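Okay, so here's the structure we're looking at.
Naming: A, B, ... by sequence-line order, numbering from 1 per chain. Remember, predicted model here, so these are calculated numbers, not experimental data.
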There are 4 protein chains.
Amino acid sequence: MARPKSGDRRSAILSAAIRIIASEGLGAPTALIAKEAGVSNGSLFTYFETKADLLNRLYIEVKAEAAIAAMDGLPLKAGIRKRALHMWSNSLDWATACPEKRRVLAHLAVSGDITPASRRAGHQAMAGVASLIEQSRENGPMRKAPLEFVVAILNALTDATIDFMIRDKANAEKHRTAGFEALWRMIG
Amino acid sequence: MARPKSGDRRSAILSAAIRIIASEGLGAPTALIAKEAGVSNGSLFTYFETKADLLNRLYIEVKAEAAIAAMDGLPLKAGIRKRALHMWSNSLDWATACPEKRRVLAHLAVSGDITPASRRAGHQAMAGVASLIEQSRENGPMRKAPLEFVVAILNALTDATIDFMIRDKANAEKHRTAGFEALWRMIG
Amino acid sequence: MARPKSGDRRSAILSAAIRIIASEGLGAPTALIAKEAGVSNGSLFTYFETKADLLNRLYIEVKAEAAIAAMDGLPLKAGIRKRALHMWSNSLDWATACPEKRRVLAHLAVSGDITPASRRAGHQAMAGVASLIEQSRENGPMRKAPLEFVVAILNALTDATIDFMIRDKANAEKHRTAGFEALWRMIG
Amino acid sequence: MARPKSGDRRSAILSAAIRIIASEGLGAPTALIAKEAGVSNGSLFTYFETKADLLNRLYIEVKAEAAIAAMDGLPLKAGIRKRALHMWSNSLDWATACPEKRRVLAHLAVSGDITPASRRAGHQAMAGVASLIEQSRENGPMRKAPLEFVVAILNALTDATIDFMIRDKANAEKHRTAGFEALWRMIG
DNA sequence: GATGAATGAGTATTCATTCAT
DNA sequence: AATGAATGAATACTCATTCAT
């Protein structure tokens with residue numbers, strides 16, 4: 001038979017982990033994740049050495065996905081404000097579309113199980129985003145602040161905006177715009 | 001009467017919990033906390049019904065302490081920008097002085113063990129802060145945004161700034177100022 | 001002040017133990033018994049060395065009470081069958097009137113905490129009853145069986161009858177009579 | 001398939017439970033039972049959900065075994081007295097041969113952990129015995145008493161007889177016979 | 001590889017008993 | 001003596017990880 005669909009199993013586990021961790025938190029038993037993935041609990045450990053390993057992979061993959069989503073369809077020729085707005089919208093769209101992934105990322109971000117290496121990998125995945133921010137602030141009031149500081153603020157602002165969009169869906173559009181305007185006032 | 005319940009013991013446990021949870025996370029064994037507090041593991045449960053109870057009290061007390069610190073010595077007669085800056089500085093000073101408390105608060109904030117009631121208590125403690133923000137944005141670009149949204153952004157911005165001050169202590173002062181300027185650009 | 005009313009406290013504890021153990025079983029915490037007795041948990045241990053001690057005293061006292069109840073108002077001049085019936089009725093009346101004491105006795109009888117010495121004390125308290133049985137079987141078919149065997153059967157039969165009287169109160173009288181007739185057929 | 005759940009392990013646990021509970025009572029730690037069964041403490045819980053579950057299964061299985069033993073080799077064509085005597089002897093033989101099981105059953109019978117469902121299952125297992133009793137008393141003095149009452153008395157009488165046989169082994173045979181005669185006088 | 005049973009370290013909580021007040 | 005806080009041993013149950021099949 002052709003190659004065993006190990007890739008399938010691996011991603012089945014990963015996406016089961018998202019669903020389970022989103023609802024149960026990081027304390028969720030690996031056995032539950034395996035079950036949700038339709039896989040035996042033993043199998044989980046042939047794809048991931050330890051639970052911590054699974055968590056780290058999850059962190060990296062979801063982070064990467066978020067980064068890709070953020071840059072999707074970026075109008076390369078457009079002005080910087082336009083491109084920034086595009087990315088901002090993309091990020092919020094993604095977060096709204098995959099609330100579970102966002103929850104999981106929030107859990108993982110504060111987990112002691114995520115290694116510095118994984119965090120670095122996460123940052124690298126966000127390189128495109130970082131560069132866009134770099135350009136955005138180039139002529140603004142934060143032009144001298146360390147890039148990381150600006151990134152941190154952006155992340156925080158994004159989180160706050162998303163939280164609010166989810167909490168008050170009726171006015172989601174307004175919040176999205178208000179968030180961007182606030183951002184631009186800060187760095188643009 | 002027998003040996004009366006001792007406030008000292010209670011706070012010994014609470015502050016041991018801060019130290020232990022800051023370094024071990026919320027999964028830290030109650031026995032370890034008790035030991036750090038110089039108290040028997042059974043005693044912990046005469047002061048707190050359950051571990052979750054301990055966590056909730058911790059959340060409320062530390063949150064209240066942060067609120068008090070934020071408002072300490074507020075120059076009531078000063079203009080709004082000055083007062084906002086004072087609060088901003090206070091918050092960052094406190095967070096810098098008690099990094100463990102901040103870490104613990106960060107852990108607790110995302111914990112499923114903190115009850116809605118405790119969260120409400122936390123918000124109430126922050127009432128003074130909220131009112132100051134309310135005034136700050138009164139004539140600014142975010143005057144129409146929901147207060148909660150502004151609060152969320154402030155929190156996020158504070159966190160980002162603190163993170164950065166801690167990470168790059170040499171330029172802590174600059175980051176503190178830059179953070180406030182960013183804030184004021186957004187809401188002032 | 002006159003003598004401290006220690007006797008009161010002691011019996012308060014004992015009767016609280018009956019109520020609590022009847023409803024919670026032998027696993028009931030001593031603290032609960034103390035509370036029900038209106039006494040501090042520490043005090044319980046000035047009246048009874050250990051929980052096992054409390055249980056043993058309880059066993060002996062309740063057993064003695066049952067024995068006394070059984071012999072109460074015994075018509076000394078009457079014939080043996082009449083006296084036996086009187087005792088039989090007394091026992092069932094007592095058990096019906098104090099179901100909690102009976103429950104407690106049932107629990108204690110199978111407990112590993114009751115010492116042989118206590119069991120002997122219990123038997124001694126039942127001496128009057130034993131003697132009556134002795135006479136009852138004197139000319140009957142079990143005249144050669146060991147007394148203890150007959151006693152055991154009587155106890156068992158009593159228990160069964162009481163259980164049934166309690167379970168089917170409407171026909172309690174019938175069961176009481178049927179039980180005695182069965183007894184008499186066996187030994188009389 | 002992985003290593004299949006093993007009936008051997010299950011019964012090893014069950015019979016270890018009998019030995020341990022017989023000597024230590026129902027308070028015996030599950031870890032001790034597991035150890036006696038030559039199994040890890042965790043394994044006990046793959047065969048029985050909770051300790052209470054283990055206790056209930058034990059109750060049902062031992063009760064069933066007692067019932068089967070009681071009816072073993074029953075001479076179906078014989079007269080009722082003969083059949084009753086056969087059952088009586090069987091029961092006593094079994095109880096004498098497995099004193100631990102009897103002890104355990106005695107403990108379990110009064111335990112609050114045994115569910116009504118388990119008690120019902122126990123009664124059903126005893127259906128054959130019940131029917132034999134029904135026939136036995138059919139023409140006797142207790143023909144009008146509720147069957148359950150007669151069963152209770154039989155149980156009690158059996159218990160008393162066994163206790164005595166065990167206590168006074170030298171005359172076990174005599175007690176066995178005396179017990180049956182007493183029974184037959186009551187109901188036959 | 002896949003399975004799921006086996007393992008055993010780890011943990012919150014209880015409770016008899018002691019002891020400071 | 002009375003109180004009730006302090007103690008710490010004890011215990012059911014969980015779960016990441018291993019391993020027999």
Side-chain angles (χ1 to χ4, degrees), chain A residues 1 3-6 9 27-35 38-55 113, chain B residues 1-6 9-10 27-35 37-55, chain C residues 1 3-6 9 27-35 38-55 113, chain D residues 1-6 9-10 27-35 37-55:
Chain A
M1 252 332 87
R3 111 118 78 104
K5 346 183 244 164
S6 334
R9 286 178 105 82
T30 52
L32 193 58
I33 294 173
K35 191 178 185 186
V39 151
S40 76
N41 56 1
S43 266
L44 189 150
F45 290 92
T46 93
Y47 290 96
F48 303 93
E49 302 240 329
T50 63
K51 186 183 190 182
D53 181 34
L54 165 62
L55 261 23
D113 285 330
Chain B
M1 222 202 321
R3 195 185 313 188
K5 261 195 215 178
S6 138
R9 278 177 118 77
R10 205 190 112 101
T30 52
L32 193 58
I33 295 172
K35 193 179 185 184
V39 149
S40 76
N41 50 8
S43 266
L44 189 150
F45 292 94
T46 94
Y47 289 93
F48 303 94
E49 305 239 329
T50 63
K51 186 183 188 182
D53 181 35
L54 166 62
L55 262 23
Chain C
M1 247 337 84
R3 112 116 79 103
K5 346 183 242 161
S6 335
R9 287 178 104 81
T30 52
L32 193 58
I33 295 173
K35 191 178 184 187
V39 152
S40 75
N41 55 0
S43 266
L44 188 150
F45 290 91
T46 91
Y47 291 95
F48 303 93
E49 302 240 330
T50 63
K51 186 184 189 181
D53 181 36
L54 165 62
L55 262 23
D113 285 329
Chain D
M1 219 204 320
R3 194 185 314 189
K5 261 195 217 180
S6 136
R9 277 179 120 75
R10 205 190 112 101
T30 53
L32 193 58
I33 294 172
K35 193 178 184 186
V39 148
S40 77
N41 50 10
S43 265
L44 188 150
F45 292 95
T46 93
Y47 289 93
F48 303 94
E49 304 238 329
T50 62
K51 186 183 188 182
D53 180 35
L54 166 61
L55 263 23

Answer with base, sugar-phosphate or nothing: what part of the nucleic acid does [X] contact at a heavy-atom distance below 4.0 Å?
X	value
C/F48	nothing
D/A28	sugar-phosphate
D/S6	nothing

Assign each of A/T50 and D/K51 to its nearest nucleotide of DNA chain F by heavy atoms, then name whichever residue's nucleotide is nearer the 5' end.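 Taking each residue's closest nucleotide, the earlier one in sequence belongs to D/K51.
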
Between B/S43 and A/G27, which has a closest nucleotide on DNA chain F that is more 5'?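 Checking each residue's closest nucleotide, the 5'-ward one belongs to B/S43.
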
Can you see if the side chain of [X] gets near the phosphate of [N] - specifically, an N or O under 4.0 Å from OP1 or OP2?
X	N	value
C/Y47	F/dA2	yes
C/S40	F/dG4	no
A/R9	E/dA2	yes
D/T30	F/dC13	no
D/T46	E/dA5	no

In this structure, how many angstroms lie between the C1' atom of F/dT7 and the NZ atom of B/K5, rounded? 16 Å

In whole angstrom, what separates C/L44's CG from F/dA2's P? 12 Å

Starting from Watson-Crick (N1-N3 plus N6-O4 or O6-N4) and G-U wobble pairs under 3.5 Å, report the runs of at least three that DNA chain F belongs to. E:2-21 with F:2-21

